[in-house]
Amino acid sequence: QVQLVESGGGLVQAGGTLSLSCAASGRAFSNWNMGWFRQAPGKEREFVAGIRWSGRSTSGNSVQGRFTISRDNAKNTVYLQMNLLKPEDTAVYYCAANCGTPVSGSLCEYWGQGTQVTVSS
C-alpha cells in the first residue's frame with residue numbers, strides 16, 4: 001500500500017512563501033512521475049506542477065515563475081516551493097504519485113490526503 005503524506009501547509013500573508021513536502025512510501029518512487037494539484041472551494045481540481053522521473057518539470061500557467069517543484073529520490077520526497085503567494089492560491093494542495101504523461105492530465109494512481117494553504121490579503 002502506497003502512502004503519500006503532505007506537510008507544510010498553513011496560513012501566510014500575500015507575498016509570502018511556503019514550502020510543501022510529500023513523503024512517499026514504496027520502492028518505486030524514483031520511477032514515478034509526481035505532481036501537485038490543488039482544489040479551492042467550489043472550483044475544479046487544478047494542476048499546479050509536475051516532475052517526471054527524469055527530473056523534467058512543468059507547472060501550471062497560474063503559478064509559473066512563482067512555484068517550483070523538486071524531488072529527492074533518496075528521501076522519497078517531492079517538494080513544492082511557493083513564492084509570491086496570492087490570495088487566489090488558497091486551496092487544498094494534493095500530492096500525487098505514479099502519474100501519466102503529461103502529469104497535468106491528472107491520471108495519477110496515488111493521492112495524498114491534502115494540506116490546506118491559506119493566503120490572506
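The chain is numbered in sequence order, starting from 1.
N83 places no side-chain N or O within donor-acceptor distance of the main-chain N or O of T17, the cut-off being under 3.5 Å. Although no hydrogens or angles enter the test, the distance criterion places no donor-acceptor pair under 3.5 Å between the side chain of Q81 and the main chain of S19.
The closest side-chain donor-acceptor pair between S62 and R38 falls under 3.5 angstrom. At a cut-off of 3.5 Å, with distance as the only test, a side-chain donor of N33 or T101 sits close to an acceptor on the other residue.
Within 6.0 Å of the CD atom in Q64, the count of heavy atoms belonging to other residues, nucleotides or ligands exceeds 12. Atom CD of Q113 has 12 or fewer heavy atoms from other residues, nucleotides or ligands within 6.0 Å.
Residues S25 and Q3 share a closest heavy-atom pair of OG-N, 2.7 Å. Minimum heavy-atom separation, P87 to A14: CD-CB, 4.1 Å. Residues T77 and S21 share a closest heavy-atom pair of CG2-CB, 4.3 Å. Residue V48 comes nearest to V63 through the heavy atom pair O-CG2, 3.4 Å, listed as atom of the first residue, atom of the second, then distance.
In this structure, the separation between OH on Y93 and OG1 on T115 is 10.5 Å, given to the nearest 0.5 Å. Note that OG of S104 is 11.5 Å distant from CD of E46, once rounded to the nearest 0.5 Å. The distance from atom OG of S59 to atom CZ of R66, rounded to the nearest 0.5 Å, is 10.0 Å. Distance check: K43 NZ to E88 CD gives 8.0 Å after rounding to the nearest 0.5 Å. In this structure, SG in C108 is found 11.5 Å from OH in Y110, a value given to the nearest 0.5 Å.
L80 and V92 are members of different hydrophobic clusters when ILVMFWY side chains are connected at heavy-atom separations under 4.5 Å. No continuous path of ILVMFWY side-chain contacts below 4.5 Å connects I51 to Y79, so the two sit in separate hydrophobic clusters.
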- Worked verdict on V78 versus I69 for side-chain contact (heavy atoms from CB on, under 4.5 Å): CA-CA 7 Å; V78 63; I69 188 171; 3.8 Å; yes
- Assess whether side-chain contact (heavy atoms from CB on, under 4.5 Å) is satisfied between C95 and W36, documenting all intermediate values. CA-CA 5 Å; C95 172; W36 286 97; 3.9 Å; yes
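In this structure, V103 and M34 have side chains that are not in contact, with every pair of non-hydrogen atoms separated by 4.5 Å or more. Here the side chains of T90 and Q116 are in contact, with some heavy-atom distance below 4.5 Å. M82 places a side-chain heavy atom less than 4.5 Å from the side chain of V117. Put simply, the side chain of F29 does not reach to within 4.5 Å of the side chain of W53, judged on heavy atoms. Annotation: side chain of L85 is in contact with side chain of L18 (closest heavy-atom distance under 4.5 Å).
Test Y94, F37, F67 against F47 for ring-ring contact (aromatic ring centres under 6.0 Å, His included) and you get one pass: F37.
Seen from the ring of W111, R45 counts as a face-on cation partner, given the 6.0 Å and 45° thresholds.
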